[in-house]
2 protein chains.
Amino acid sequence: MNVTSVDIARVAKVSQATVSRVLNGNPNVSEEKRAAVLAAMEATGYRPNALAQGLRMRKTSTIGVVVAGITNPFYPEALEAVGKQLERVDQRMVLWDSDRGGEDAALDAVRQGLVDGVIFTSVSEGSGTLDEALRLGAPVVLLNRGSADASCDQVTSNNFEGAAEAARYLYQIGHRRMGLLGGPLVARTARDRMDGFLHGLRELGQAVPDELVRDALFTHEGGRMCIRELLDLPDPPTAVFCVNDFSAFGAIDGAREVGLDVPSQLSVVGYDNVAMAAWRSYQLTTVSQQLDAMAGRAVELLLRRMGRQEAPIRHDRFAGALVIRNTTAAPARQI
Amino acid sequence: MNVTSVDIARVAKVSQATVSRVLNGNPNVSEEKRAAVLAAMEATGYRPNALAQGLRMRKTSTIGVVVAGITNPFYPEALEAVGKQLERVDQRMVLWDSDRGGEDAALDAVRQGLVDGVIFTSVSEGSGTLDEALRLGAPVVLLNRGSADASCDQVTSNNFEGAAEAARYLYQIGHRRMGLLGGPLVARTARDRMDGFLHGLRELGQAVPDELVRDALFTHEGGRMCIRELLDLPDPPTAVFCVNDFSAFGAIDGAREVGLDVPSQLSVVGYDNVAMAAWRSYQLTTVSQQLDAMAGRAVELLLRRMGRQEAPIRHDRFAGALVIRNTTAAPARQI
DNA sequence: CTGAAAGCGCTTACAG
DNA sequence: CTGAAAGCGCTTACAG
């Protein structure tokens, strides 16, 4: 039903091999035949079957990307960054959400020859399937969220240091009672940012009491619920550090719900610097990630890995930068 | 290098055809052979090559989805809704962004046999390539954004009526000078919502002066810039209707930037009812779309279309509902 | 129940 | 420069 290279060969009165040659820009084709083939293709609207090409060439020109909860505004931005890079190198993107089993599905897809490699923007540490896929030689790179035990290329922010900087800043502007809205412990980003924040404070002789640390699940709703719990405490914090912007927005909204002003009554710091962070209604102080550069590096590493499996494993870390906006201020005087 | 059905056949001491049979659950296989094959698959970690299967079966179990600007918060929600439905019917999703040429790329992919069909969440009307793809029998359904001239299945909201309801509501609470932040005219959603709003007003004997209608490009930045222009006018509007939530957030932020209070000094209505609309810092009055139901219908129609090309074309419209929150109020008394 | 064989639509040595 | 042929890894009549 669909037109194939055999059809083209017939109308152009050449062999099917010749059709394939002009398709691939092989110079060993006479001008006449090339013209005839091109004309036939044009006339019939021929498009080569990508499955057949892929089967023959052992590559699909498509790579898998897995995100964790696409409604977290960080991921659309990550997808845009990755998508731009992928387009540059002429690769398609198939998308999975690990909230719906995408992690295993993506790995399975490599083994089925459906994608040439996969970029995880959010692995869970301790994923057995990832280890197995890696052992089988699947080209994988971790972007954004790393993993201590996975032996594959990784490109992440220096989350520890970024969070430590946030800690120093809050201390410096006068906060002494700070809360920490963390994320799931299977997420390396969450752990590193929590550890970094705690470490930064510790170096200043400060600590975060257990009652002031919560798991805000990386979500708006999580941030909102957690901040309300903290604010209900007899001695609430004057500032909170959230391990991502999404939960920071939730924290701000939760504080506003109970009538608190941010930043005069509560300072909030996020992490990621998504576009929304700059919006007037939030103007969130946060730590930026170099997403475009990181995405570029990730596809670069993936392509390299797809080329030769035995390349040495790399883990590139990009510096973050504290972006001070209007959700942070000196704490109110004790009344 | 990778293990194939031939390898399995060799170790299980059966023919390759038998391997294929157990793979496909064909009952005509003796229990002994089936067990031997299964054991061999298990031992080697065999996964059938999806490209070969696809080539042979003429289907890929993956469908293309194209969005327009994934950082517009509507699209992650749409993707999530579509993704959920696709997962139910065991289809993968490959993603394109029409901001980066995804529209043509997706259509090309159908013709190349890479995807079995495509869902457009955002066609531009008058796309020649879509017409051509349709003529060639590509299974396509339009979700969210329809097209007058495309002869394919469509599932949209009743945007005209939803916007008219917004108009009636604003009128009813007292507004008489209203602005309209529209979107690109190639977007059917933008046109229908603009037309519906204008129509609703007209029925009440009201009109929107030309100087109060702008194209906010569906973006936060667009909404922000446009509202500031409107507010700079000698006689600014007391309310604006925005054709999507993303630009409505921009309008709110733009108003706040110049020190205006929403809603007491400016009412804002959006369209889509994305999750953010309910967040404390916006609490946007908006028109909801039945995204899950619409996504469900869209994949249902696409599957049907993939089954039989000649099915009658359908256009299903889902009702929207005005969700009144806190960005709308009676206009301030004239001073 | 089972295997040999054709065929899906390509690419690429191989021989001329 | 060009064509016949093998082969990528499957599925499925076909014959037994």
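Worth knowing before you read on, the calculation uses all heavy atoms, side chains too, and leaves out hydrogens, waters and symmetry mates.
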Decide if atom CG of B:Asp90 counts as having more than 12 heavy atoms of other residues, nucleotides or ligands within a radius under 6.0 Å.
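Atom CG in B:Asp90 is not packed in, count stays at 12 or less.
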
Check the phosphate of [N] against [X], side-chain N and O only, distance under 4.0 Å to OP1 or OP2. Yes or no?
| X | N | result |
| --- | --- | --- |
| A:Asn28 | D:dC1 | yes |
| A:Ser15 | D:dT2 | no |
| B:Thr18 | C:dG3 | yes |
| B:Ser20 | D:dC10 | no |
| B:Tyr46 | D:dC10 | yes |

Does the side chain of [X] pick up a donor-acceptor pair with the side chain of [Y] at under 3.5 Å?
| X | Y | value |
| --- | --- | --- |
| A:Gln16 | A:Ser5 | yes |
| A:Asp104 | A:Thr129 | yes |
| A:Asp116 | A:Thr60 | yes |

Secondary structure string for DNA chain D (Watson-Crick or G-U under 3.5 angstrom, | for other-strand pairs)
|||.||||||||.|||

Hey, does the side-chain of B:Arg21 have a donor or acceptor N/O within less than 3.5 Å of a partner on the base of C:dG3?
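Pair found.
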
Identify whether the distance between the nearest side-chain nitrogen and carboxylate oxygen of A:Glu132 and A:Arg111 falls below 4.0 Å.
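Counted as a salt bridge, because a side-chain N and a carboxylate O are separated by less than 4.0 Å.
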
Where each residue is assigned the nucleotide of DNA chain D containing its nearest heavy atom, which of A:Gln16 and A:Glu31 is assigned the position nearer the 5′ end?
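Per heavy-atom nearest nucleotide, the more 5' residue is A:Glu31.
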
